[in-house]
Trainee: 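I have a structure here, written as structure tokens, and I will follow up with some questions on it.
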Protein chains: 2
Amino acid sequence: MDVEAPVKRKRADAVRNTAAVLEAAKAVFAESGVDAPVREIAARAEVGVGTIYRNYPQRSDLIIAVFRHELDATADAAERLGAERPPAEALRLWAERLRRFVETKRGFAAALHSGDPAYAPLPRLFLGVLASKVQAILDAGAADGTLRPDVRAEDLVEALARLISISVDGEPGRSDTMVSVLLDGLAGPPAPTAQQQPRTD
Amino acid sequence: MDVEAPVKRKRADAVRNTAAVLEAAKAVFAESGVDAPVREIAARAEVGVGTIYRNYPQRSDLIIAVFRHELDATADAAERLGAERPPAEALRLWAERLRRFVETKRGFAAALHSGDPAYAPLPRLFLGVLASKVQAILDAGAADGTLRPDVRAEDLVEALARLISISVDGEPGRSDTMVSVLLDGLAGPPAPTAQQQPRTD
DNA sequence: AAACTATACGGAACATTGTTCCGTTTGTCG
DNA sequence: CGACAAACGGAACAATGTTCCGTATAGTTT
């Protein structure tokens with residue numbers, strides 16, 4: 001399983017504590033958001049704050065550890081939908097999936113788009129992982145002419161995440177219309193440069 | 001001019017200080033962002049922190065005071081463009097204007113979408129003021145059939161602001177494509193469920 | 001089993017920032 | 001000029017992130 005035991009084994013209490021912190025973080029994130037005070041997580045895990053910083057030097061490390069599984073699952077969903085559905089529909093369904101992913105994580109959308117250096121790894125990892133799977137849908141759409149070919153998956157995923165954040169902050173459902181407008185725009189005009197020219201071929 | 005001098009005149013030093021704080025905030029916002037520490041603004045204005053809180057109890061009050069003019073100018077631009085150009089083009093040009101407004105204010109986009117209660121009045125005021133003028137463009141577009149009629153100005157402005165934030169955080173220009181996709185979607189399919197119907201009148 | 005050592009721990013201590021509050025200063029007016 | 005209300009300044013407090021080191025202990029060696 002391990003390709004090689006790197007150098008040393010971790011101490012048993014350290015392993016226990018790492019797990020306890022992860023568990024506590026999961027609970028605290030759920031009820032107070034991903035920006036909850038370190039001390040709150042430490043108390044929940046019955047651990048000193050030092051232990052948290054030793055295991056997860058950055059807040060983003062902890063967030064990633066907690067949500068990594070769900071991230072991968074959401075990325076896999078893109079892969080699956082892309083294989084099973086026409087590109088435009090796959091995107092629509094996946095946007096719904098992404099919405100659930102973002103909406104169910106208190107404070108996550110805000111952290112993702114905060115620009116705060118403490119959270120900087122989040123967009124890189126999350127949007128990167130998702131985009132790498134969404135790209136296939138866009139490629140398929142570009143190939144069969146149903147989606148405009150000039151949009152990168154990274155940009156699309158980021159745009160969707162931002163639009164979805166609208167309903168996270170305000171009333172639920174408020175972002176639905178704009179998401180649908182965006183996806184329509186993606187399916188619609190190939191967008192030359194100047195005005196619209198209904199057909200070029 | 002004044003409909004009525006309310007009750008009392010403000011003390012001369014108070015007037016001076018209010019102005020000094022506003023001036024200092026303008027400078028500090030420009031170089032450190034709208035989330036700069038109060039103490040920094042106080043030092044710049046040569047004033048105690050108490051004076052700032054007395055004049056501007058909430059951070060959002062200070063931000064609003066500093067940018068109110070530019071906000072109104074941006075709203076007026078929507079009005080003017082709506083009167084002078086076809087709806088779709090007016091929106092495209094105005095989105096450009098909005099981009100400049102947002103991009104030139106360090107930390108503003110983050111504050112606007114932070115969800116932080118300290119900044120809560122910002123989206124209400126800024127998006128509200130802008131939306132009230134953008135609505136006319138959407139109405140015109142709905143009337144002549146060039147824009148889908150099911151999008152509220154509030155939602156559109158918020159969506160544009162969020163997309164624009166992408167280039168504020170990352171490389172400049174990164175949001176351009178997605179903004180254009182969104183606007184294309186707005187001009188494209190009028191019906192949520194059915195296909196497109198070129199003319200209704 | 002005891003001694004030893006590297007690892008990990010806990011949490012006090014420090015730094016930053018928002019916010020309040022009150023003793024002091026000062027503008028205004030009679 | 002004196003009295004009073006308005007405004008001031010900044011010390012003080014609270015919340016939070018982060019570091020650091022004396023102490024405890026798991027794992028190892030004898």
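For the numbers below, each heavy atom of this structure counts, side chains included, while hydrogens, waters and symmetry mates do not.
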Trainee: Quick one: are the ring centres of B:F108 and B:F126 less than 6.0 Å apart?
Mentor: yes
Trainee: Just the rounded figure in Å: distance from C1' of D:dG17 to CD1 of A:I52.
Mentor: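 Spelled out: CD1 on A:I52 to C1' on D:dG17 is 12 Å.
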Trainee: Check whether any side-chain heavy atom of B:V34 lies under 4.5 Å from a side-chain heavy atom of B:V66, and answer yes or no.
Mentor: no
Trainee: Rounded to whole Å, how long is the line connecting atom CG of B:N55 with atom C1' of D:dG9?
Mentor: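 My rounded result for the distance is 13 Å.
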Trainee: Whole angstrom is fine here: how far is it from OH in B:Y119 over to P in C:dT17?
Mentor: 12 Å
Trainee: Give a yes or no on whether the backbone of B:E89 and the side-chain of B:W94 come within a donor-acceptor separation of less than 3.5 Å.
Mentor: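 Checked: no pair found.
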Trainee: Using heavy atoms to find the nearest nucleotide of DNA chain C for B:G50 and A:A14 separately, return the residue whose nucleotide is more 5′.
Mentor: A:A14
Trainee: Can you tell me if B:N17 touches the phosphate of D:dC8, counting only side-chain N or O atoms and a distance under 4.0 Å to OP1 or OP2?
Mentor: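 For D:dC8, OP1/OP2 do have a side-chain N/O of B:N17 under 4.0 Å.
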Trainee: How many whole angstroms separate atom CG of B:L62 from atom P of C:dT19?
Mentor: 12 Å
Trainee: Nearest of D:dA7, C:dC9, C:dT19 to any side-chain atom of B:R39?
Mentor: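 Shortest atom-to-atom distance from the side chain points to C:dT19.
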Trainee: Could you give the CZ-to-P distance, from B:R16 to C:dT28, as a whole number of Å?
Mentor: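 Result: 8 Å.
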Trainee: Taking donor-acceptor contacts at under 3.5 Å, does the side chain of A:R59 reach the base of D:dG17?
Mentor: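 Donor-acceptor pair under 3.5 Å: no.
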Trainee: Which whole-number value in Å describes the distance from B:Y53 OH to C:dT17 P?
Mentor: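 Value for this atom pair: 12 Å.
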Trainee: Rounded to whole Å, please give me the gap between CD1 in B:I41 and P in C:dT19.
Mentor: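 B:I41 atom CD1 is separated from C:dT19 atom P by 12 Å.
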Trainee: Sort me out a list of protein N/O and nucleotides 27-30 of chain D N/O pairs below 3.5 Å, or just none if empty.
Mentor:
unit_1	atom_1	unit_2	atom_2	d
D:dG27	OP1	A:A12	N	3.1

Trainee: Please tell me if B:R54 has a side-chain N or O lying less than 4.0 Å from either OP1 or OP2 of D:dC8.
Mentor: yes
Trainee: Supply the atom-to-atom distance B:D150 CG to B:L186 CG, rounded to the nearest 0.5 angstrom.
Mentor: 8.5 Å
Trainee: Quick check for you: to the nearest 0.5 Å, what is the distance between B:R152 atom CZ and A:T177 atom OG1?
Mentor: 8.0 Å
Trainee: Which residue, A:G48 or B:P57, contacts DNA chain C at a nucleotide closer to its 5' end, judged by nearest heavy atom?
Mentor: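 Whichever sits nearer the 5' end wins; that is A:G48.
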Trainee: Which of the following nucleotides, D:dT19, C:dG18, D:dG9, is nearest to the side chain of B:T51?
Mentor: D:dG9
Trainee: For residues 45-68 of chain B, pull every pair meeting side-chain hydrogen bond (donor to acceptor under 3.5 Å, both in side chains), keeping only residues two or more places apart or in separate chains.
Mentor: B:T18-B:N55, B:R68-B:D72
Trainee: Does A:K26 count as lying over the ring of A:F29, i.e. NZ or CZ under 6.0 Å from the six-ring centre, within 45 degrees of the axis?
Mentor: no
Trainee: Taking CD from A:Q58 and P from D:dT16, how many angstroms apart are they, rounded to a whole number?
Mentor: 20 Å
